[in-house]
Amino acid sequence: MDNDAHQSSVLSSGTTQHQQAPSSLSNIHGRIHKLQASIWNAYNKKPIHHWILLLLSSLAMLVAFPASTLLSRLYYSNGGTSRWILSWVAVAGWPLTSLFLLPLYLRPNISPTPLSLKLSLSYIGLGFLSAADNLMFAWAFSYLPASTASLLSSTSLAFSAIFGYLLVKNKLNLSTINSIVIIMAGAVIIALDSSSDRPPGVSKGQYALGFLWDILGSALHGLIFALSELVFVKLMGRRSFHVVLEQQVMVSFFGFVFTTIGVVLNNDFKAMRKAARTFKNGEVSYIMVLLWGAITFQLGVLGGTAVLFLTSTVMAGVLNAVRVPLTSVAAVVVFHDPMSGFKILSLVLTVWGFGCYIYGNSPETKSS
C-alpha cells in the first residue's frame, strides 16, 4: 500500500509539473504580447517626426558623449597640458545649439522668453557653475584613464537625485536610494584599485587629485541639474522644447564667457600655437581634436536635452546606463585602458545602480 501511495503521489506531482509548465509559458507569452501592445499604442500616439527626432537624439547621446570623453583624454595623451583650454572647448560650441533654436522662432506660436532680472541672474550663476564644472572635469581627465573618468562621472545621477530632493522637493523612493548607494559603492571600488589603474607617468597624488576633481565635478553637475529644474519651476513656469534650448544656450554662453576670461588670464591662448607644434601628429591633429571635442560635447548635451523633453528622465537614465559601458569599452580598445576585476565590478554596480533608478522612477512603479 505504501508503494502504491508513493507511485500515485509521484504521478500526480509529475502531472502537476506538466500542467504548470504550459501555464508558465502562457504567462510569459501574455506578458510579451502585452508589452508589444503597449509599445505599439505608444508609437501610434506620437507622429512619425517625434520618433525620428527621438532616434537622432538618442544616437547623439550614445555616440557624441563617449566621443567627447575619448577626445578629452586624447588631448592629454597626445601632449596637451592646458586644463583651461579643454574646459573652454566644452562650451566653445554653444553657437551650435543656437542654430537649432533660432529656426523655432519662425513659427507663429513661439517667441523668446522675456528676460527678467532674476532669470538673467540665474543664467549667469548657472554659467559660472558650468565653467567651474568643466574645469574640474578637465583636471580629472588629465590624471585619470577615460574609462575610470566615465565611471566616476556617472555618480552625477546620485548627486542629481540628492540635490533634487533637497532643492526641488523631488521624492526619493527606496529604489532611488538603493541606486545612490550602489553607484557610490562603485566609485569606492575604483578608489581601492588605484594601484593598477594609474596611467603611465601619473603619481599616486595626481591620481587621487584626479579622482577628487571627478567626484566634485559630478557633485557640481548634479547641483546644476537640480538648479536648472528649479529655474523652470520657479521662474519660467512652462516647459517646452524651445524654452529648454533657450536655457541651454544662455547657460553655455555665460559659461563660455567665464571660461574665456580664465583662458585669457592664464595666457593659454598665446600658448596654443606652441602647444600645437609639439602636439603628437602636428598642428592639424591639435586643431581637429579641439574642434571635434567642441562639436561632440554640444551634440551630446543637445541630444540629452531633446531626450529629456521628448520622453522622460527615465529614458535619459536608460541611455546613460548604456553610455557608461560603451565609453569604458571604447577606452579599453582605443587607449588600452586597464580593465581589472575591480573596475569590471564597478562597471556592473554602476549599470545596476542605473537600473534601480530607472525602475524606481518608471510610471508603473510610481503608480503602484
Side-chain angles (χ1 to χ4, degrees), residues 53-80 82-101 130-131 133-142 144-154 156 214 217-218 221 224-225 244-245 248-249 251-253 255-256 259-260 263 272 276 279-281 283-308 316 319-335 337:
L53 183 59
L54 179 59
L55 176 63
L56 295 176
S57 304
S58 302
L59 288 175
M61 284 190 68
L62 295 178
V63 176
F65 269 140
S68 175
T69 301
L70 297 178
L71 287 168
S72 297
R73 184 57 202 165
L74 182 65
Y75 170 78
Y76 289 114
S77 62
N78 282 9
S82 174
R83 284 89 181 181
W84 276 108
I85 289 296
L86 191 63
S87 59
W88 180 77
V89 165
V91 285
W94 70 268
L96 182 63
T97 306
S98 65
L99 293 178
F100 289 88
L101 172 64
S130 177
D133 190 41
N134 292 328
L135 186 60
M136 290 179 183
F137 281 126
W139 274 96
F141 276 111
S142 65
L144 298 178
S147 56
T148 301
S150 175
L151 283 170
L152 291 177
S153 63
S154 65
S156 61
D214 207 335
S218 299
H221 191 78
I224 292 171
F225 194 86
V244 175
L245 287 182
Q248 184 59 49
V249 169
V251 171
S252 296
F253 169 73
F256 173 77
T259 308
T260 302
V263 173
M272 285 182 71
F279 198 73
K280 185 178 179 180
N281 299 325
E283 296 183 8
V284 175
S285 176
Y286 180 82
I287 295 172
M288 294 303 292
V289 167
L290 297 185
L291 177 63
W292 280 108
I295 293 174
T296 53
F297 187 86
Q298 285 299 314
L299 285 178
V301 171
L302 184 63
T305 303
V307 168
L308 280 171
L319 294 177
N320 272 319
V322 176
R323 177 172 65 89
V324 171
L326 280 179
T327 306
S328 299
V329 171
V332 171
V333 173
V334 176
F335 299 113
D337 281 5

Check each of V324, L71, T327 against P66 using the side chain to side chain contact (heavy atoms under 4.5 Å, CB included) test, and report the only one that passes.
->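 Answer to the side chain to side chain contact (heavy atoms under 4.5 Å, CB included) test with P66 among V324, L71, T327: T327.
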As an exercise, state the distance from [atom1] of [X] to [atom2] of [Y], rounded to the nearest 0.5 Å.
X: M288; Y: I295; atom1: CE; atom2: CD1; value: 8.0 Å
X: L59; Y: L299; atom1: CG; atom2: CG; value: 11.5 Å
X: S77; Y: F335; atom1: OG; atom2: CZ; value: 4.5 Å
X: S98; Y: Q298; atom1: OG; atom2: CD; value: 9.0 Å
X: L302; Y: F100; atom1: CG; atom2: CZ; value: 5.0 Å

So, the side chain of [X] versus the backbone of [Y]: is there a donor-acceptor pair under 3.5 Å, distance only?
X: S72; Y: S68; value: yes
X: D337; Y: S147; value: yes
X: Y286; Y: N78; value: no
X: S328; Y: P325; value: no
X: S154; Y: L151; value: yes

Side chain to side chain, [X] and [Y], heavy atoms closer than 4.5 Å:
X: L152; Y: L144; value: yes
X: L290; Y: M272; value: yes
X: S87; Y: W139; value: no

Y75 vs V89, side chain to side chain contact (heavy atoms under 4.5 Å, CB included): CA-CA, chis, key distance, verdict | CA-CA 11 Å; Y75 170 78; V89 165; over 6 Å; no
How far apart are the closest heavy atoms of [X] and [Y], and which atoms are they?
X: A60; Y: G303; result: CB-CA, 4.0 Å
X: M61; Y: R323; result: O-CD, 3.5 Å
X: D214; Y: T148; result: OD2-O, 4.5 Å
X: R83; Y: A138; result: O-CB, 3.4 Å
X: G217; Y: F137; result: C-CZ, 3.5 Å
X: F279; Y: S285; result: CE2-OG, 3.6 Å

F65 vs F297 aromatic rings, parallel, tilted or perpendicular, using cut-offs 30° and 60°?
->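 Because their plane-to-plane angle is over 60°, the rings of F65 and F297 count as perpendicular.
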List for me each residue that meets side-chain hydrogen bond (donor to acceptor under 3.5 Å, both in side chains) alongside [X], sequence neighbours excluded, and say none if there are none.
X: T296; result: none
X: W94; result: none
X: D133; result: H221

Between N134 and V91, does a side chain to side chain contact (heavy atoms under 4.5 Å, CB included) hold up when you go through it step by step?
-> CA-CA 8 Å; N134 292 328; V91 285; 3.4 Å; yes
Polar side chain donor-acceptor pair, W84 to T259, under 3.5 angstrom =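 On atom types as modelled, these side chains do not qualify, holding no pair under 3.5 Å.
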